[in-house]
2 protein chains.
Amino acid sequence: MNGKDGGEREMTRAQAPAAFEKFLRGRGLKLTRPRWVILEAALDRRDHFSADELADRLRKNPRPVSKASVYRTLALLKESGLLEEHDFGGGRKFYEQALGRTHHDHLVCIGCGQITEFQNPRIEHMQDQVTEREGFVSVFHSLKIFGYCRACRKRGVSADPQTAHLPREIVGIHGSTT
Amino acid sequence: MNGKDGGEREMTRAQAPAAFEKFLRGRGLKLTRPRWVILEAALDRRDHFSADELADRLRKNPRPVSKASVYRTLALLKESGLLEEHDFGGGRKFYEQALGRTHHDHLVCIGCGQITEFQNPRIEHMQDQVTEREGFVSVFHSLKIFGYCRACRKRGVSADPQTAHLPREIVGIHGSTT
DNA sequence: TCTGAGATTGAGACTGATTCTCAATATCAT
DNA sequence: ATGATATTGAGAATCAGTCTCAATCTCAGA
Ligand SMILES: [Mn+2]
Ligand SMILES: [Mn+2]
Ligand SMILES: [Zn+2]
Ligand SMILES: [Zn+2]
């Protein structure tokens with residue numbers, strides 16, 4: 001919301017199309033209109049969005065894009081590093097912008113679906129120690145803490161761990177840095 | 001492998017059926033033969049196994065059990081606390097025995113599918129700090145580190161992070177405590 | 001041991017996200 | 001502008017998991 005972040009966001013967004021085009025070129029792929037539409041739609045989002053929700057939306061676009069193309073292009077955007085893919089359970093993949101952002105992990109509210117991001121260098125460091133001790137080379141990791149957010153607690157929402165499950169919809173982002 | 005662990009394992013296994021029966025009673029459910037067969041099959045395993053693999057196996061049993069019953073009973077075993085459910089990606093649920101075991105997280109080799117368990121109290125503690133700071137009540141969490149195990153590295157197996165994916169089969173367990 | 005209310009089973013239909021197929025179409029280096 | 005390739009979209013296919021429901025068990029009580 002402040003000037004610095006906004007500026008970086010804009011800068012990143014301006015660079016994204018060029019980065020994607022470069023990625024496509026390097027693979028002998030073409031920059032088509034559907035791909036452009038999907039890229040723009042993805043760049044418009046600051047939240048964690050699912051492939052099928054985006055597909056539904058773009059199907060009704062002035063420039064309709066098919067479900068197949070949305071799935072294919074999101075995969076490309078992920079490979080290019082522009083997007084990051086997450087599995088919050090529930091059998092659907094979610095995406096979020098990755099270009100110009102730093103690694104973070106997630107708190108997932110099983111009451112309302114709200115997602116809160118956090119960064120914790122100490123946790124990251126301990127993970128390195130664990131992998132090193134095991135002779136394991138880490139490529140990526142996923143740390144998700146499921147529970148109830150402050151708002152849901154105030155609202156009295158809760159359930160027993162054994163029965164708990166993700167809400168159908170992921171709701172939004174609450175940033176946070178440790 | 002040592003006497004103490006073996007003893008605890010046996011003891012735990014002996015208690016499991018009673019615990020499950022108690023759980024069923026408390027819910028007005030009946031202990032049927034299929035449920036017994038599935039319980040026994042689950043207790044026989046020390047690894048991380050998928051529901052569909054177990055269903056395939058039990059379909060060919062001397063006392064055949066249907067896919068539906070396997071899925072239904074694994075869910076019950078999870079709710080009863082005898083099993084824990086994991087999502088290692090790849091769209092399949094995996095289970096492992098939970099009774100008498102302590103919480104641990106997983107290293108997943110994307111070269112060979114081998115799973116290594118680890119425990120790290122410091123990471124757990126930092127997680128508590130994160131959730132507390134957010135006014136979040138943690139119900140459960142999942143920390144998975146994907147990468148290449150020592151064996152795969154020696155074998156020269158590797159791939160770029162963007163293309164990496166889980167092997168179809170989860171291979172086994174390598175225990176470890178930090 | 002017998003009985004019946006109520007729970008469970010199994011076969012197979014169904015679901016829903018994602019992937020695949022392939023003929024028609026768009027892209028872009030030349 | 002042309003043509004070798006890559007891409008698209010509609011719909012079929014996949015696949016783990018869930019649901020349906022008539023036939024079949026369980027087990028507390030008689
Ligand atoms: Mn995020
Ligand atoms: Mn485990
Ligand atoms: Zn919430
Ligand atoms: Zn390996």
Side-chain angles (χ1 to χ4, degrees), chain A residues 20-39 48-79 83 85-95 163 165-170, chain B residues 20-39 48-79 83 85-95 165-166 168-170:
Chain A
F20 190 44
E21 196 168 356
K22 183 179 175 188
F23 167 82
L24 291 174
R25 278 238 159 73
R27 306 242 295 210
L29 304 179
K30 295 167 180 174
L31 180 46
T32 63
R33 181 188 293 288
R35 281 178 182 156
W36 181 264
V37 169
I38 295 160
L39 170 62
H48 303 81
F49 59 94
S50 69
D52 68 330
E53 183 258 326
L54 191 68
D56 271 358
R57 183 186 307 250
L58 292 184
R59 184 163 44 79
K60 303 159 189 159
N61 232 41
R63 299 285 184 179
V65 177
S66 75
K67 178 180 51 154
S69 290
V70 171
Y71 278 93
R72 288 185 293 228
T73 301
L74 288 177
L76 288 174
L77 288 168
K78 170 191 168 194
E79 286 178 59
L83 295 184
E85 185 182 277
H86 295 294
D87 182 357
F88 295 117
R92 299 156 57 175
K93 291 175 184 166
F94 281 80
Y95 294 86
T163 308
H165 66 285
L166 273 188
R168 193 84 206 121
E169 292 302 323
I170 298 293
Chain B
F20 190 45
E21 195 169 358
K22 182 178 173 188
F23 166 82
L24 291 175
R25 278 241 158 70
R27 305 242 296 210
L29 304 179
K30 294 168 179 174
L31 181 46
T32 62
R33 182 190 294 287
R35 282 180 183 154
W36 181 265
V37 169
I38 295 160
L39 170 63
H48 301 81
F49 59 94
S50 68
D52 67 331
E53 182 259 326
L54 190 68
D56 271 358
R57 181 187 307 249
L58 292 184
R59 185 163 42 79
K60 303 158 188 157
N61 232 40
R63 299 283 183 179
V65 177
S66 73
K67 176 178 56 146
S69 289
V70 171
Y71 278 94
R72 286 185 293 227
T73 301
L74 288 178
L76 288 174
L77 287 167
K78 170 191 169 196
E79 286 177 60
L83 295 184
E85 185 183 276
H86 294 294
D87 181 358
F88 295 118
R92 300 158 53 176
K93 291 175 185 168
F94 281 80
Y95 294 85
H165 66 287
L166 275 188
R168 192 82 203 124
E169 292 303 323
I170 298 293

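Proteins come first, then strands; the chains are lettered A, B, ... in the order of their sequence lines, and each starts at number 1.
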[X] [atom1] to [N] [atom2]: how many Å, rounded?
X	N	atom1	atom2	value
A:E85	C:dA17	CD	P	15 Å
A:L54	C:dA17	CG	P	14 Å
A:K67	C:dT21	NZ	P	15 Å
B:L76	C:dT8	CG	C1'	11 Å
A:R27	D:dT5	CZ	C1'	16 Å
B:D56	C:dG10	CG	P	15 Å
A:R35	C:dC28	CZ	C1'	13 Å
B:Y95	D:dA16	OH	P	14 Å

Closer than 4.0 Å, any side-chain N/O of A:Y71 to the OP1 or OP2 of C:dT19? no

Please determine if a side-chain N or O atom of B:K93 lies less than 4.0 Å away from the OP1 or OP2 oxygen of D:dT18. yes

Which heavy atom in B:Y71 sits nearest to a heavy atom in B:A51, and how many Å separate them? CE2-CB, 3.5 Å

Can a donor-acceptor pair under 3.5 Å be found between the side-chain atoms of A:R72 and the base atoms of D:dG9? yes

For nucleotides 24-30 of chain D, 5' to 3', base contacts (B), sugar-phosphate-only contacts (S) and non-contacts (-) with protein non-hydrogen atoms under 4.0 Å give --BSS--

Below 4.5 Å, heavy atoms only, C-beta onward: do B:L77 and B:L39 meet side chain to side chain? yes

Give the intermediate values and the outcome of side-chain contact (heavy atoms from CB on, under 4.5 Å) for residues A:R33 and A:V37. CA-CA 6 Å; A:R33 181 188 293 288; A:V37 169; 4.1 Å; yes

B:R92/B:E53 ion pair, N-O < 4.0 Å: no

Out of C:dT9, D:dG9, C:dT18, which has the shortest distance to the side chain of B:S69? C:dT9

Checking side-chain contact (heavy atoms from CB on, under 4.5 Å) for the pair A:F88/A:H48: CA distance, chi angles, key distance, verdict? CA-CA 10 Å; A:F88 295 117; A:H48 303 81; 4.1 Å; yes

Checking A:R35 against A:L29 for the side-chain contact (heavy atoms from CB on, under 4.5 Å) test, could you report, in this order, the C-alpha distance in whole Å, the side-chain angles of both residues, the deciding distance, and whether it holds? CA-CA 11 Å; A:R35 281 178 182 156; A:L29 304 179; 3.9 Å; yes

Using the rule given for side-chain contact (heavy atoms from CB on, under 4.5 Å), can you reason through A:L74 versus A:K93, listing the C-alpha separation, both sets of side-chain angles and the distance that settles it, and then say yes or no? CA-CA 10 Å; A:L74 288 177; A:K93 291 175 184 166; over 6 Å; no

Need to verify one output field. Residue with the more 5' nearest nucleotide on DNA chain D, A:P64 or B:A68? A:P64

